[in-house]
*Asks:* 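Got a structure here, written out as structure tokens. Questions coming.
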There are 2 protein chains.
Amino acid sequence: MSELNMISAFRLLQAADDFKARLSGTFAAVHGISVNEYFLLLHLKQAEKNRLPRVELARRLHVSASTITRMVAPMEKIGLVDRGTGERDARMALVVLTDTGAEKLSEAQATFEDHACYLFEDRWSESEIDQLSTLLGRLVSGAPGNLT
Amino acid sequence: MSELNMISAFRLLQAADDFKARLSGTFAAVHGISVNEYFLLLHLKQAEKNRLPRVELARRLHVSASTITRMVAPMEKIGLVDRGTGERDARMALVVLTDTGAEKLSEAQATFEDHACYLFEDRWSESEIDQLSTLLGRLVSGAPGNLT
DNA sequence: TAAATATACTTGCGTTCGCAAGCTTATTGC
DNA sequence: GCAATAAGCTTGCGAACGCAAGTATATTTA
């Protein structure tokens, strides 16, 4: 039944868009970072040795390589990330999470948690959230650099 | 359990972002429109008399009013939408879906359906998709201008 | 009724993004 | 080992966006 597929996809996009819009406002106001910058820090945090090449970040955030270059520059300036060199490949300019960046991420995580709780609050039982999480998990299981 | 809430929210954002990225590429290549333009047409299609004020479109698409102005201009030029005037409020410059726009939307719907089917294909049973759809439906039920 | 406020839309300006081109370094083929 | 190709990163340029200001119309208030 393809109609059901379409409705699911609509709701997926709309639910994510609404959530992201609310999140975006709070992040900008409270932490002074964008949602994408938050995810960038998060990917670094979960990466081996807290560092990733720019191309990999571009793939994971669904943005171009040039966007990563321009997104990282100011983050480097305020000390959230640092620039590392590839050990075996001198082309790579690795993005490295700093202690300051990890701290900023930690603060943002608290905000994210607030929003995530508010998203389900009240009307949702734990088993329902678990169901949703499991189903969504199957959608992202194949994605490169899965955050969960 | 807030950890579970966060994981669900992560997966929601990631699943939607992945899907949207794939959709975006096909829409641009096949139909020459963006995902946002597709949703704009869709909202018009489901609106009474196939027309909506620009402010309402801005709210639903989570973009600014100026973005709607600049997004609609080229769509008007190629005949996808038309400009209507509010009957009781002369400030409103309503965006009206044309027959050409409805046809373009219909073509895009087919593409969307393809992607939606591919998203769940194989590994998903109908009851699982139904579960996901129901759960996501509760997330968007409060949203203004719900598409489903 | 007249002034003050609010709403819908547009435009100017600065910022951000993707694409294409260029630079540097790795890898492949002969 | 050297030329040819590929991969990672940066930069120039045009397109798209949000914010703030401006215009026009509605609504509220005195």
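All of these numbers come straight from a predicted model, not from anything done at the bench. To find a chain, count down the sequence lines: A is the first, B the second, and so on, and within it residues start at 1. Below, all heavy atoms of this structure are taken into account, side chains as well, without hydrogens, waters or symmetry copies.
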*Asks:* Can B:Leu139 be reached from B:Ile7 by stepping across I, L, V, M, F, W or Y side chains whose heavy atoms are under 4.5 Å apart?
*Replies:*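 No; tracing contacts between hydrophobic side chains, which count when under 4.5 Å, never links both residues.
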*Asks:* Confirm from the modelled atom types if B:Ser66 and C:dC9 form a donor-acceptor pair under 3.5 Å, side chain to base only.
*Replies:*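 Check fails, no donor-acceptor contact within cut-off.
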*Asks:* Could you state the atom-to-atom distance from CD of A:Glu87 to C1' of C:dT25 in whole Å?
*Replies:*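 Distance check: A:Glu87 CD to C:dT25 C1' gives 17 Å.
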*Asks:* Taking NZ, NE, NH1 and NH2 as the nitrogens, is one of them in B:Glu37 or B:Lys104 under 4.0 Å from a carboxylate oxygen of the other?
*Replies:*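 No, no charged N to carboxylate O under 4.0 Å.
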*Asks:* To the nearest Å, how far apart are A:Leu94 CG and C:dT25 C1'?
*Replies:*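 Going from CG in A:Leu94 over to C1' in C:dT25 covers 14 Å.
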*Asks:* Among D:dT25, C:dC9, D:dC9, which nucleotide sits nearest the side chain of A:Arg83?
*Replies:*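 Nearest listed nucleotide: D:dC9.
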*Asks:* Which nucleotide, C:dT10, D:dG8, D:dT10, lies nearest any side-chain atom of A:Met92?
*Replies:*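 For the A:Met92 side chain, the nearest candidate turns out to be D:dG8.
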*Asks:* Grab the CE-P distance between B:Met75 and D:dA15 for me, whole Å please.
*Replies:*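 After rounding, the reported distance stands at 19 Å.
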*Asks:* Distance-only, no hydrogens or angles: does the B:Ser141 side chain make a donor-acceptor pair with backbone N or O of B:Arg138 under 3.5 Å?
*Replies:*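 Side chain of B:Ser141 to backbone of B:Arg138: a pair is present.
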*Asks:* NA contact type, B:Arg70, heavy-atom cut-off 4.0 Å: base, sugar-phosphate, or nothing?
*Replies:*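 Base: the residue B:Arg70, judged by heavy atoms under 4.0 Å, touches a nucleobase.
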*Asks:* Could you tell me how far apart A:Leu57 (CG) and D:dT10 (P) are, to the nearest whole angstrom?
*Replies:*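 Rounded to whole Å, this separation is 12 Å.
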*Asks:* May I ask you to say whether B:Glu128 pairs ionically with B:Arg123, meaning some side-chain N is under 4.0 Å from a carboxylate O?
*Replies:*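 Between B:Arg123 and B:Glu128 there is no salt bridge, as every charged N stays at least 4.0 Å from the carboxylate O atoms.
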*Asks:* Whole Å only: how far is the CZ atom of A:Arg54 from the C1' atom of C:dT24?
*Replies:*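 My rounded result for the distance is 14 Å.
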*Asks:* Please determine if a side-chain N or O atom of A:Thr69 lies less than 4.0 Å away from the OP1 or OP2 oxygen of D:dT10.
*Replies:*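 Yes, within the criterion.
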*Asks:* Provide, to the nearest angstrom, the distance between the CG atom belonging to A:Asn36 and the C1' atom belonging to C:dT15.
*Replies:*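 Atom-to-atom, A:Asn36 to C:dT15, this comes out as 15 Å.
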*Asks:* For A:Ala65 and for A:Asp89, find the nucleotide of DNA chain C with the closest heavy atom, then tell me which residue's nucleotide is more 5'.
*Replies:*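 The 5'-side residue here is A:Ala65.
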*Asks:* Would the base of D:dA24 count as contacting B:Arg91 through its side chain, where contact means a donor and an acceptor less than 3.5 Å apart?
*Replies:*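 Donor-acceptor pair under 3.5 Å: no.
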*Asks:* Could you check whether B:Phe27 and B:Phe112 have their ring centres less than 6.0 Å apart?
*Replies:*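 Ring-ring flag for B:Phe112/B:Phe27: false, centres at least 6.0 Å apart.
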*Asks:* Side chain of B:Met71: nearest nucleotide among D:dC17, C:dT25, D:dA26?
*Replies:*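 Comparing D:dC17, C:dT25, D:dA26 against the side chain of B:Met71, the answer is D:dC17.
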*Asks:* For the side chain of A:Val55, counting heavy atoms from C-beta on, which of D:dC9, C:dC9, D:dC17 is nearest?
*Replies:*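 The closest nucleotide is D:dC9.
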*Asks:* CZ of B:Arg59 versus P of C:dA8: gap in Å, rounded?
*Replies:*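 In whole Å, C:dA8 P lies 7 Å from B:Arg59 CZ.
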*Asks:* Quick one: is A:Arg88 getting a side-chain N or O under 4.0 Å of the C:dT25 phosphate, OP1 or OP2?
*Replies:*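 It does not, given that no N or O in the side chain of A:Arg88 lies less than 4.0 Å from OP1 or OP2 of C:dT25.
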*Asks:* Find the distance A:Ile68:CD1 to D:dC9:C1' and express it as a whole number of Å.
*Replies:*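 Answer to the nearest Å: 12 Å.
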